[in-house]
Each structure stands twice: as structure tokens, then as C-alpha cells.
Engineer: 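Quick one: the structure is below, questions incoming.
All residue numbers refer to positions in the sequence shown, counting from 1.
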Amino acid sequence: MYNPTTQLLNQNNIRTYTADKLPSPLIHCSYHPLVIDDIQSVKTTRENTTKPHGALWLSPGHNDNGIITTAWEEFCNSHPDWLTLPHSIPLRYQAELYPTAIVMELTSDTDIAQLWELGALQFNPQYSDGIIKEIIEIDTEEGFEEEFVEHTITKDTIADNPLKYCTINYPLLREMGIGAVRVQEQNFFENENHLLAEWSADSIALLDNNAITHLTEI
């Protein structure tokens with residue numbers, strides 16, 4: 001099926017694929033009972049994070065001698081100092097997505113910067129007018145002088161560090177037909193200064209509740 005959003009993403013080398021290409025099983029861990037009617041579409045990006053608010057979080061499951069664990073649980077067990085909640089997860093749910101649901105995967109800052117072409121980046125509050133305002137030092141015959149300058153933010157400006165200036169507009173991506181976003185790139189997780197390190201482990205954030213077909217407690 002022709003999808004102008006995925007065509008544009010692929011033209012800009014942003015990886016997209018259908019949900020049938022995701023690993024199985026996909027597991028959601030919860031401290032509270034959950035039914036499929038509880039699942040909502042993404043609302044917005046959480047303030048001061050890169051995480052979509054209202055998304056259902058899934059992680060690939062691994063069968064270890066009949067016991068299913070997830071990439072997220074493995075991360076939690078290896079970082080106990082980061083957690084305030086108990087490590088044991090009382091409830092696990094296996095989620096099934098429509099095979100044709102579109103998944104967008106972010107693998108680099110270049111991918112994120114390319115979302116500019118879709119209008120799917122919005123300026124962070126300190127750059128809400130699309131302007132960088134700063135004071136620079138200029139070497140003059142009399143010595144160094146400070147000068148106030150303004151720069152208009154462009155795609156080239158954000159290329160090396162897009163999340164410094166922008167937030168991903170997840171609701172807009174959902175409206176464009178993206179059912180879920182995946183982050184599994186280890187380079188993000190190993191760099192504690194990168195904002196996508198917050199995703200911690202191979203994660204799939206479900207943006208569109210219509211992309212899910214079944215949710216079964218396991």
C-alpha cells in the first residue's frame with residue numbers, strides 16, 4: 001500500500017518496516033492489570049524527556065528455559081541503583097500488532113534530524129521562536145568584546161544534535177500513519193549524555209492504539 005509518509009522516510013534513509021518484521025514475542029511489563037481497552041494513542045512527548053506520553057511500551061521477549069524475560073527487565077536487573085520500584089514485574093502481557101502497522105526505527109541523530117522534512121520536530125521551549133540567541137566574543141583591536149547575536153535554526157543547525165533544539169512530535173507521526181517507534185541502537189544507550197539513552201533498552205513505543213490486535217497476560 002502506498003504511504004507518502006513512509007516513502008518520504010525511506011527516501012531520507014530513515015528505517016521503516018511493517019510490524020510483522022518485529023521480533024516475537026513483544027512484551028509489556030506492568031504493575032497493574034491491563035486490558036486492551038485501556039490502551040490509548042500517544043498524547044504528547046513527556047516534558048523534559050524524549051518519551052512519548054500515553055504510549056504502550058513494548059520490549060522483545062526472550063525465552064530462558066521456559067521463563068520469558070525482556071530486554072527492559074534485563075536492563076533493570078543490571079542497573080538496580082536506577083530503580084525505585086521492585087525489580088520483579090508481577091504482570092507480563094504479550095502484545096500482537098497488525099502485521100501491516102508501520103514501525104519507524106531511529107538509529108542515529110541523522111535519522112532524527114531528517115524528521116525536519118516531515119515537520120515532525122518541534123522546537124524546545126528555549127528555542128520556541130526558532131531563534132538561537134547567544135553572546136559571542138569578538139577579537140578587536142581594543143581586545144575582546146561581547147556581542148549579542150541571533151541565528152535562525154535550520155535543518156543544518158540541528159544536524160549534529162537535533163534533540164538539543166527540538167522534540168519529536170509523536171502525535172503528528174501517529175497522524176501520518178506511524179503505528180510505533182522503535183529504538184534499539186546500542187550507541188544511544190551507551191552514551192548517557194544522549195537523550196535517547198532514556199529508552200534504556202530495545203523498546204517499541206506504540207503510538208496508535210489501533211495498531212494492536214491482542215493483549216494477553218502470560
Side-chain angles (χ1 to χ4, degrees), residues 3-28 42 44-46 48-53 55-62 70-76 78-79 95 97-124 153-208 211-212:
N3 185 311
T5 298
T6 55
Q7 183 184 50
L8 182 56
L9 286 166
N10 290 328
Q11 285 174 349
N12 287 280
N13 298 315
I14 302 175
R15 190 180 182 201
T16 61
Y17 44 87
T18 50
D20 60 333
K21 305 299 193 300
L22 287 169
S24 180
L26 294 177
I27 306 298
H28 172 74
V42 65
T44 184
T45 302
R46 286 191 182 277
N48 300 320
T49 83
T50 62
K51 294 182 176 181
H53 177 47
L56 181 75
W57 288 86
L58 304 171
S59 186
H62 308 287
T70 70
W72 181 76
E73 290 177 271
E74 291 166 3
F75 167 83
C76 292
S78 63
H79 295 77
L97 307 185
Y98 280 103
T100 55
I102 301 299
V103 179
M104 180 184 78
E105 183 168 338
L106 299 175
T107 64
S108 66
D109 282 327
T110 300
D111 288 351
I112 301 168
Q114 293 290 10
L115 295 176
W116 181 280
E117 302 291 348
L118 294 176
L121 295 178
Q122 55 194 40
F123 292 124
N124 288 328
I153 298 175
T154 66
K155 181 181 176 182
D156 289 338
T157 307
I158 70 169
D160 294 331
N161 192 4
L163 294 178
K164 174 181 178 180
Y165 304 99
C166 301
T167 297
I168 299 171
N169 189 334
Y170 293 108
L172 181 60
L173 289 175
R174 178 184 57 78
E175 292 172 9
M176 290 178 170
I178 303 300
V181 174
R182 184 181 189 184
V183 171
Q184 64 168 330
E185 178 51 56
Q186 196 63 30
N187 289 337
F188 291 141
F189 307 143
E190 292 174 349
N191 180 2
E192 62 182 17
N193 293 319
H194 198 288
L195 291 179
L196 280 182
E198 304 178 310
W199 287 50
S200 304
D202 188 353
S203 303
I204 298 98
L206 189 72
L207 304 186
D208 187 352
I212 190 169

Engineer: I need the minimum non-hydrogen distance between V42 and H53, along with the two atoms involved.
Structural biologist: CG2-O, 3.4 Å
Engineer: How close do Q184 and D202 get, heavy atom to heavy atom, and via which atoms?
Structural biologist: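 Between these two residues, the closest heavy atoms are CB-OD1, 3.3 Å.
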Engineer: State, with a plain yes or no, whether a side-chain heavy atom of I204 is found less than 4.5 Å away from one of P60.
Structural biologist: yes
Engineer: Locate the shortest heavy-atom distance separating G177 from I102; write the atom from each residue and the value.
Structural biologist: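 Minimum heavy-atom contact is O-CB, 3.6 Å.
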Engineer: Find the distance between CG (L173) and CG (L118) and round it off to the nearest 0.5 Å.
Structural biologist: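 One gets 7.0 Å once the value is rounded to the nearest 0.5 Å.
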Engineer: Looking only at non-hydrogen atoms, find the nearest pair between A113 and L121 and report the distance.
Structural biologist: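 Answer, listing the atom of A113 first, then L121: O-CD1, 4.2 Å.
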Engineer: Do W116 and T157 have side chains that approach each other closer than 4.5 Å (heavy atoms only, starting at C-beta)?
Structural biologist: no
Engineer: How long is the gap from CD1 on I178 to OH on Y170, to the nearest 0.5 Å?
Structural biologist: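 Going from the CD1 atom of I178 to the OH atom of Y170 covers 12.5 Å.
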Engineer: Work out which heavy atom in I158 is nearest to a heavy atom in C166; give both atom names and the distance.
Structural biologist: CG2-SG, 4.2 Å
Engineer: Calculate, to the nearest 0.5 Å, the distance between atoms CG and OH belonging to D208 and Y98 respectively.
Structural biologist: 10.5 Å
Engineer: When you compare the side chain of P52 with that of V181, does any pair of heavy atoms fall below 4.5 Å?
Structural biologist: no
Engineer: Quick one: does S59's side chain have a donor or acceptor within less than 3.5 Å of a partner on W72's backbone?
Structural biologist: yes
Engineer: When rounded to the nearest 0.5 angstrom, what distance separates CG in L106 from OG1 in T110?
Structural biologist: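 Answer rounded to 0.5 Å: 11.5 Å.
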Engineer: Scan side-chain atoms only and decide if D109 and H194 contain a donor-acceptor pair under the 3.5 Å cut-off.
Structural biologist: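 Checked: D109/H194 side chains pair up, N/O donor to acceptor below 3.5 Å.
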Engineer: Around atom CZ of F123, are there more than 12 heavy atoms from other residues, nucleotides or ligands closer than 6.0 Å?
Structural biologist: yes
Engineer: Could you walk me through whether I168 and L163 pass the side-chain contact (heavy atoms from CB on, under 4.5 Å) check?
Structural biologist: CA-CA 8 Å; I168 299 171; L163 294 178; 4.2 Å; yes
Engineer: For the pair W199 and W57, name the ring-plane relationship: parallel under 30°, tilted 30 to 60°, perpendicular over 60°.
Structural biologist: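 The rings of W199 and W57 stand perpendicular, inter-plane angle above 60°.
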Engineer: Indicate yes or no: at least one non-hydrogen side-chain atom of P23 is less than 4.5 angstrom from one of R182.
Structural biologist: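 Yes. Closest side-chain heavy atoms under 4.5 Å.
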Engineer: Report the distance from atom NZ of K155 to atom CD of E117, rounding to the nearest 0.5 Å.
Structural biologist: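 It comes to 3.5 Å.
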Engineer: Are T18 and D20 linked by a side-chain donor-acceptor pair shorter than 3.5 Å?
Structural biologist: yes
Engineer: Rounded to the nearest 0.5 Å, how far does CG of L115 lie from CE of M104?
Structural biologist: 5.0 Å
Engineer: Looking only at non-hydrogen atoms, find the nearest pair between A95 and L58 and report the distance.
Structural biologist: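 Minimum heavy-atom contact is CB-CD2, 3.7 Å.
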Engineer: If you define the side chain from C-beta out and look only at heavy atoms, does anything of L22 sit under 4.5 Å from S24?
Structural biologist: no
